[in-house]
Structure formats: structure tokens, C-alpha cells
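Per chain, numbering begins at 1; letters A, B, ... match sequence-line order.
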Protein chains: 2
Amino acid sequence: MARQPAERKRQARGERRMRQLEDAAAEVFAELGYARATTNAIAARAGVSPGTLYQFFRNKEALAEALAQRYRAALRDAHDKAFDPGFASLPLPELVDRMVQPMIEVNLANPGFKALFAATDMPERLAAPTRQLHQAVVGKIAEVLTARVPDLPAARVRTIAVVSTQIFGALLGTVVSAPPAEREAWLTELKRALLGYLEPALRS
Amino acid sequence: MARQPAERKRQARGERRMRQLEDAAAEVFAELGYARATTNAIAARAGVSPGTLYQFFRNKEALAEALAQRYRAALRDAHDKAFDPGFASLPLPELVDRMVQPMIEVNLANPGFKALFAATDMPERLAAPTRQLHQAVVGKIAEVLTARVPDLPAARVRTIAVVSTQIFGALLGTVVSAPPAEREAWLTELKRALLGYLEPALRS
DNA sequence: TTGAAATACGAGCGATGACTCGTCTTCGAC
DNA sequence: GTCGAAGACGAGTCATCGCTCGTATTTCAA
């Protein structure tokens, strides 16, 4: 696998193709999950031959990595918008809201997100793209927690952040794959679960 | 696939082989997950040829189903032991303990459990074995909740049970794959998360 | 003892899917 | 306009894996 040097000169056409391929991958990942998504199907979805896909991405995982990078940026932007200075002193329910809402929105806007975030079916268990996304989320939560409760030891903050991320990941699928009529209800449960875990954890 | 009639006369030797194959499958599932576990590897682990495996199981999924059935029985036994009459009025933290402890123990005793319970990498999304295990857990939780808070509408009970199951599933991996020294700590977090969600949910 | 059913073997079939390679087309700097 | 580089093609390679089938061995009831 993978002979292509990492980077080469791209023409405008090439950059466009890469975006097309990432979009197609997002769709196919969303429909089938990472493992069952075939590179040929992704190429076909992008209206391109298999060979062209490999002109731009060393392998399937590199494609996932590019997508994950997109998602991390989207997440960062969404959260930046949701936090004005002083957010740390918000009532906890509202803080949870401001964390969760952007992530759900990123998810609905980028159908492939969940497939990468929740994937257990990667070649190597918890492969790079999944790890990156998890790290991004854990890091963000840890940052917010530290701002809110500066006295909490770093290790404890991290534990809480990891658990929160896993709770979120577990319910994410249910929320976004529910029919829109029920989505709000599941979202409420997700927030309740997070709040129920965080509220006592941040008091001690 | 699958020409063999579902059942035929088994000799003692055959029954033994089936148990061997299930044990081997549990190990390999635990190590690689369902998707990456190959039937040839399972046969080899059992010290048997691929053909022999298919003498007893129509296909890979039938093997998973047999395992899932085992696990459901183990779960039932473990919970039956944990609940004497009057459990419903236990303090909530202890009730959570009595639900969680047996499941963790079943998990540690049966390495394949998690692979089937948490699998997102099944042929069809959430295939039969996974669904069965989830249903067993959701059903048990719902039963306990109903006994404890009889006034709660059935639909609400089910929602709470589903969410609890997902929280459990999300943290299960972390708990059992942690080094034994850290396991207790993660287990505590798991119980906190469940308690934090359930406590307010059962009050209203 | 015997023969039919059950068990066991393992090379290999068939399908799938990631990835390649030789060839042709398009782009854009000069 | 020219020409080298970038882009595009898609049939085909190679490896993997679920599963089969022809044959050989073991069991056990009669």
C-alpha cells in the first residue's frame, strides 16, 4: 500500500476532487459505517474511478483522517461560537446545553461524524481518526471543567471528561438516528444523563 | 451458506465439540471483535478443522447466537442470585450495585461478552445476537425499575432502561479493559454515572 | 460384527474489496 | 502553442475469508 509521497503540487481541480471524495466518504461512512464502506463505493459516489481516489489519499484510513480533521475544525468553530467569556460560571444545566448542542448540530450537519466517532470496527481497535476525535472532545470538556472548578486535580478532571465523552458517544447514535419527532426527547435524556453524572462529580 | 438442517442427532463427542468451538469463539471474539474474527481462526483455536466448525454451526452468526444464548443465561443466573425478595426497596446506590456487579462479573468470566454486547461491526447493523443481549439487559432493568416505582408509565420505564443500558455499554469496555489496579476506579465512575442518571429520573 | 449415521479433515472455491499500473486526457507556466 | 506535470481511468492483481465437498475415520445400535 501507499507509494505516493504525502504531498505533491495540487491544481484547483485536484483540491475540488479531494473535497468531493471526502463528502462522498462521509455519506458512505454514515450509511454503512467505516468497515463496510468500500473505497470503490466511495469513488463511485464521488463520480470518480477508484484509481482517482488513490491519487489523493494513500489509503482508506487517510481518507478517514482527512474527514476527522474536518470534523475537529467544525467542532472547534461550533464551540467557540457557544462560549462567550464568563461561560464558566453558567448554571450547570445551561453549560451542558452549550456543550451538547453544538456537537449535535455538527453531527446532523456532517453525517459521517458519528461513524468515525463511535467506530469500534476500525482496522486497529480505536485507530487514529477515532482517537483524534475522542481526544478533541475529551480535551474540550476538560478545558471547560477546569475553568469551572479550578481546584479539581487534573487527573480527576480527565477521568470525568473521559466518562462524559463516553456517555455522550453512547447516546449520540440514539439521538441522531431517531426520527426527528423523537429526537428532542432523546436529547433531553442525554442531557439528563450528563447532568446527573457531572452535578455530583463537580461538587466534591 | 447453510444447507444443514438446524438439528440432527448429536453424539456426546459432538456436544463436546460444540462447547469447544463456542469457547474458542469467545476467546477470538474477545481478542479481535466479531468482524475481524475469522472462522478459520476459531476452528484452529478449538483444535479443529474449518469443516468441522460448519458441521455444528450453520455460519459465523449462528456461532455468535449460541454464545449470546449462553451469556443471557449467565446474566439471568447472576441476577437471580443478586436479588432476594424485597430488593425493590433497597437504597438506590445499593440497587445499582446489585445490577452492575453481576454484569461485570459475567463479563470478566466470559471474555467474549463485551465483543457481542457492544459490537457495532456486525454484518447487519445491530444483528440478532447483539439485539438479544441488549434486550435481555434492557428487560431486566425495566423489570427492576417497575418493581421499584410502580407508578412510572411503561414507556418512561423503557426509555430509562434503554439509556441506562447504553451508559453501561459505553463504560463497560473501559472497566474491563483497564488494568486491574484501575478497574475499581472506573467501576466507581460507572456506578456514579448510572446513579446520577437514575436518581433524579426515578424521583419525578 | 457390521453398516449407517455422525464426526473429522483440509484443500480449495467463490466472492469481496483494498489497492495498482499502464495509458490517456487536461491543465497551466512559459 | 508547447510540454511536462497533474489528473483521470478502470480492468486487473492480490490477499482475505466465509464456507463447501469429497473422502476418511469413529461411534453405536442391532
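For the pair A:R16 CZ and C:dG28 C1', the interatomic distance rounds to 14 Å; values are reported in whole Å. In this structure, B:K9 atom NZ and D:dT26 atom C1' are separated by 17 Å, rounded to whole Å. Atom CD1 in B:I42 sits roughly 12 Å away from atom C1' in D:dC17 (whole-Å rounding). Remark: C1' of D:dG18 and OH of B:Y34 are 10 Å apart, rounded to the nearest angstrom. Per the geometry, CD belonging to A:Q55 stands 16 Å off P belonging to C:dC24, to the nearest Å. For the pair A:L53 CG and C:dG17 P, the computed distance is 15 Å after rounding to whole Å. The separation between B:F57 atom CZ and C:dT7 atom C1' is 14 Å, rounded to whole Å. Counting to the nearest Å, the P atom of C:dA8 and the CG atom of B:L21 are 9 Å from each other.
At least one donor-acceptor pair under 3.5 Å links the side chain of A:R98 to the backbone N or O of A:A82. Between the B:K60 side chain and the B:A37 main chain, a donor and an acceptor come within less than 3.5 Å of each other.
Closest approach to the B:Q11 side chain among D:dG10, C:dC9, D:dT27 is made by D:dT27 (side chain taken as heavy atoms from C-beta onward). Nearest nucleotide to the A:T38 side chain, out of C:dG12, C:dA18, C:dT7: C:dA18. Closest to the side chain of A:Y54, from the set C:dC9, C:dC19, D:dT27, is C:dC19. Closest to the side chain of A:T52, from the set D:dT27, D:dA8, C:dG10, is D:dA8. When distances run from any side-chain atom of A:F56 to the nucleotides D:dC9, D:dG7, C:dC9, the shortest one goes to D:dG7. Minimum atom distance to the side chain of A:R13 is reached by C:dC27, of the listed C:dA6, C:dC27, C:dC19.
Between A:F117 and A:H134, the ring planes lie parallel to each other; the angle is under 30°, not in the 30° to 60° tilted range.
Within the 4.0 angstrom heavy-atom criterion, base atoms lie near A:G51. At a threshold of 4.0 angstrom between heavy atoms, the contacts of B:A37 are confined to the sugar-phosphate backbone, with no base atom among them.
Contact check, A:R10 against D:dG7: a side-chain N or O comes under 4.0 Å of OP1 or OP2. Under 4.0 angstrom from either OP1 or OP2 of C:dT7 there lies no side-chain N or O belonging to B:R17. Side-chain nitrogen and oxygen atoms of A:T39 include none within less than 4.0 Å of the OP1 or OP2 phosphate oxygen of C:dC19.
Under 4.0 Å is where a charged nitrogen must lie from a carboxylate oxygen, and between B:R192 and B:E189 at least one such pair does.
Taking the side chain as every heavy atom from C-beta outward, A:V162 and A:T165 never approach each other to under 4.5 Å.
Both A:G47 and A:N40 lie close to DNA chain D; mapped to their nearest nucleotides by heavy-atom distance, the more 5′-ward contact belongs to A:G47.
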